[in-house]
Each structure stands twice: as C-alpha cells, then as structure tokens.
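Residue indices begin at 1 and follow the sequence shown. Both backbone and side-chain heavy atoms feed into the values below; hydrogens, waters and symmetry mates do not.
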Amino acid sequence: QYKAGIALINERFFSKYNSEVLEQPAETVAGNWRNTLFQFKKGAKTLGGSEVKNNDRTHMNSEFGKLWLKMFLEKIT
C-alpha cells in the first residue's frame, strides 16, 4: 500500500508541479513498509537538537538522514 500510495499522490498531484514525493529508503523499512527499523530511530533529535522519546514516529536519526540524502542526491543528479 505504501508504494502504491506514493505513486498515486505523485501521479495525481505532484506531477502537475514537476515534483514528487520520494519513498523512504528501502533499507530503513521494517514490516511490509509499515515501520522504520528501530536502528534508524534510536538517538533521533529534533531540529532544535532535543532528544526524542523512543515512541516518537516522526523523527529519525542521522544514519537515516545520510541514507535519505544519498538517495535524494542520486535522484536529482
């Protein structure tokens, strides 16, 4: 469902603006694209530098960021 949802929103909305939503890096995903592996959430911080709680579902750590940025740069070059 995740990949189909990304494809649908890109096709129906973002394509009009010559843009797209990128999928989460595959190597960070657990359980049929429903969760992020804990190793990519552990030690996550907010933009302000505050540590986040283990049950936080919106912040990822620097290892996740490195993978996402690598994927993004490969996409735009």
Side-chain angles (χ1 to χ4, degrees):
Q1 282 180 308
Y2 173 81
K3 289 185 174 202
I6 296 291
L8 181 66
I9 197 169
N10 282 333
E11 177 187 322
R12 296 214 178 149
F13 181 76
F14 287 102
S15 64
K16 298 175 200 174
Y17 303 100
N18 196 28
S19 60
E20 65 182 286
V21 171
L22 298 177
E23 294 177 5
Q24 179 172 338
E27 60 268 41
T28 67
V29 176
N32 200 23
W33 290 89
R34 292 184 172 247
N35 295 295
T36 300
L37 291 167
F38 182 73
Q39 71 192 64
F40 296 105
K41 296 189 270 188
K42 185 178 180 184
K45 296 182 180 177
T46 65
L47 288 175
S50 301
E51 296 261 344
V52 297
K53 297 180 180 172
N54 284 340
N55 62 350
D56 181 282
R57 294 178 180 221
T58 60
H59 295 89
M60 301 300 139
N61 64 21
S62 60
E63 291 305 311
F64 179 95
K66 287 176 191 175
L67 291 171
W68 190 90
L69 188 58
K70 180 179 184 267
M71 180 187 70
F72 173 74
L73 293 173
E74 288 172 355
K75 183 79 174 171
I76 65 169
T77 56

| Is any side-chain heavy atom of Glu20 closer than 4.5 Å to a side-chain heavy atom of Lys75? | yes

| field | Plane angle bin for Phe72 and Trp68 - parallel if under 30°, tilted between 30 and 60°, otherwise perpendicular | value | parallel

| message | Tell me the closest heavy-atom pair linking Tyr2 and Leu22, and the distance in Å. | response | OH-O, 4.3 Å

| field | Glu63 side chain near Gln39 side chain, heavy-atom distance below 4.5 Å | value | no

| task | Ignoring hydrogens and angles, tell me if any N or O in the side chain of Asn61 forms a donor-acceptor pair with the backbone of Lys42 under 3.5 Å. | result | yes

| query | Does some side-chain heavy atom of Phe40 sit less than 4.5 Å from a side-chain heavy atom of Leu67? | reply | yes

| Reported NZ-to-OG1 distance for the pair Lys41 and Thr28, which is rounded to 0.5 angstrom | 10.5 Å

| request: Decide yes or no for Gln24 and Met71: does some side-chain heavy atom of the first lie under 4.5 Å from some side-chain heavy atom of the second? | output: no

| Atom CD1 of Ile76: over 12 foreign heavy atoms under 6.0 Å | yes

| request: With rounding to the nearest 0.5 Å, note down the distance linking CG in Leu69 to CD in Glu74. | output: 10.0 Å

| Joint hydrophobic cluster, Leu8 plus Val21, side-chain heavy atoms closer than 4.5 Å | no

| request: Evaluate whether atom CD of Glu27 has more than 12 neighbouring non-hydrogen atoms of other residues, nucleotides or ligands under 6.0 angstrom away. | output: yes

| message | If we ignore hydrogens and angles and just use 3.5 Å, is the side chain of Ser50 paired with the main-chain N or O of Thr46 as donor and acceptor? | response | no

| task | Report whether Leu37 and Trp33 are members of the same hydrophobic cluster (ILVMFWY, side-chain heavy atoms less than 4.5 Å apart, transitive linking). | result | no

